[in-house]
Structures are given as structure tokens and as C-alpha cells.
Amino acid sequence: MSTDQGANYELQGPAPQKGITSGFAVPSEQTVAVSASAADQCVVYLTFDGGANWEETLTVTDGAPASNLTFTDANHGSVTCGWDENAMTYYTEDAGRTWMKM
């Protein structure tokens, strides 16, 4: 984490390890979202404390790959899980703490 526009960085905590990272979003100063594809899973991890701790806030089985992770503001975001006609989009209205199917 950097508090001086990238001049210096400080290690905050271990990054999520499950899956291949496919998306990255920064909804707010302390919140970072990472999407990943793991086996047949679509996974979203979030940190609400600048990277010190990570939570797996969305896991969709039979939903790989994860794609199009985006946030329009600090609370509203979406991610797509799956391929073609089987793809499902999930959205959040609480900064990624919970996800709902569109």
C-alpha cells in the first residue's frame, strides 16, 4: 500500500491465493476487489482495510471464468461468472460484502 502516490510501498498482508486473477478494482481508498477463476469457480475477494485482511465474498461453483469486475462507486459493483449463454452477472450495493444475481 502506498500513501504517497506510489513513491513508497508497504506490505499490508498476504494476497488471496486461490485461482488465477482475472480482475482488479479499487472502489475506495481502503477497499480493493480481486476476481479470480479457480477450477470451476468464479471467486471475488475483498479487503476493507487496505490489504491487511482479505475475505472471499462471492464463490460461484460451476461459474468459471470470472470476468468484467467493475465498481461504479464505493458501493456499487458487478462481476460476470461463466461463459456465453451460461454467464451470470452478480452485483453488489454494499461495497462487495454481499452479491446478488441479476
Colleague: Indicate yes or no: at least one non-hydrogen side-chain atom of S22 is less than 4.5 angstrom from one of S35.
Modeller: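 The answer is yes, as the side chains (C-beta and beyond) meet within the 4.5 Å cut-off.
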
Colleague: Between atom CG of D94 and atom CG of N75, what is the distance when rounded to the nearest 0.5 Å?
Modeller: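 Here the rounded value is 7.5 Å.
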
Colleague: Taking the side chain as every heavy atom from C-beta outward, state whether L58 and V79 have any atom pair closer than 4.5 Å.
Modeller: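 Yes, at least one pair of side-chain atoms sits under 4.5 Å.
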
Colleague: Of V26, T31, T92, which is the lone residue that meets side-chain contact (heavy atoms from CB on, under 4.5 Å) with F71?
Modeller: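 Among the candidates, only T92 passes.
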
Colleague: Considering only residues two or more places apart or on different chains, which pairs with a residue in residues 48-80 satisfy disulfide (SG to SG under 2.5 Å)?
Modeller: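 Sorted result for residues 48-80: empty, none.
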
Colleague: Main chain of I20, side chain of S37: is a donor-acceptor contact present, judged purely on distance under 3.5 Å?
Modeller: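 The answer is no, because no donor-acceptor pair under 3.5 Å joins these two groups.
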
Colleague: Do S78 and T89 have side-chain N/O donor and acceptor atoms under 3.5 Å apart?
Modeller: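 No donor-acceptor contact under 3.5 Å links the two side chains.
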
Colleague: Between the main-chain N or O of M88 and the side-chain N or O of T80, is there a donor-acceptor pair closer than 3.5 Å?
Modeller: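 Side chain of T80 to backbone of M88, a donor-acceptor pair under 3.5 Å: no, none is there.
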
Colleague: Any link between V34 and V60 through a network of hydrophobic side chains (Ile, Leu, Val, Met, Phe, Trp, Tyr) touching at under 4.5 Å?
Modeller: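 Unlinked, V34 and V60 end up in two clusters.
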
Colleague: Just distance, no hydrogens or angles: give the donor-acceptor pairs under 3.5 Å from side chains in residues 41-53, sequence neighbours left out.
Modeller:
| unit_1 | atom_1 | unit_2 | atom_2 | d |
| --- | --- | --- | --- | --- |
| Q41 | OE1 | K18 | NZ | 3.0 |
| Y45 | OH | K18 | O | 3.1 |
| T47 | OG1 | D49 | N | 3.4 |
| T47 | OG1 | D49 | OD1 | 2.8 |
| T47 | OG1 | G51 | N | 2.8 |
| T47 | OG1 | N53 | O | 2.7 |
| D49 | OD1 | A52 | N | 3.1 |
| D49 | OD1 | N53 | N | 3.0 |
| D49 | OD2 | N53 | ND2 | 2.7 |

Colleague: Could you walk me through whether Y90 and C81 satisfy the side chain to side chain contact (heavy atoms under 4.5 Å, CB included) test, starting with their C-alpha distance in whole Å, then the side-chain angles of each, then the deciding distance to 0.1 Å, before giving a yes or no?
Modeller: CA-CA 8 Å; Y90 294 81; C81 297; 4.0 Å; yes

Colleague: Check A74 against S28 and note the closest heavy-atom contact, atom names and distance.
Modeller: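 Closest approach of A74 to S28, heavy atoms only: CB-CB, 4.1 Å.
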
Colleague: Within the 4.5 Å heavy-atom criterion, are W54 and V32 side-chain neighbours or not?
Modeller: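 Yes, close enough: below the 4.5 Å cut-off.
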
Colleague: Could you name each residue pair satisfying salt bridge (Lys or Arg N to Asp or Glu O under 4.0 Å) that touches residues 70-81, not counting sequence neighbours?
Modeller: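 Passing the test, one end in residues 70-81: no pairs.
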
Colleague: Determine the minimum heavy-atom distance between W83 and P65, stating which atoms define it.
Modeller: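 So the minimum-distance heavy-atom pair works out to NE1-CD, 3.1 Å.
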
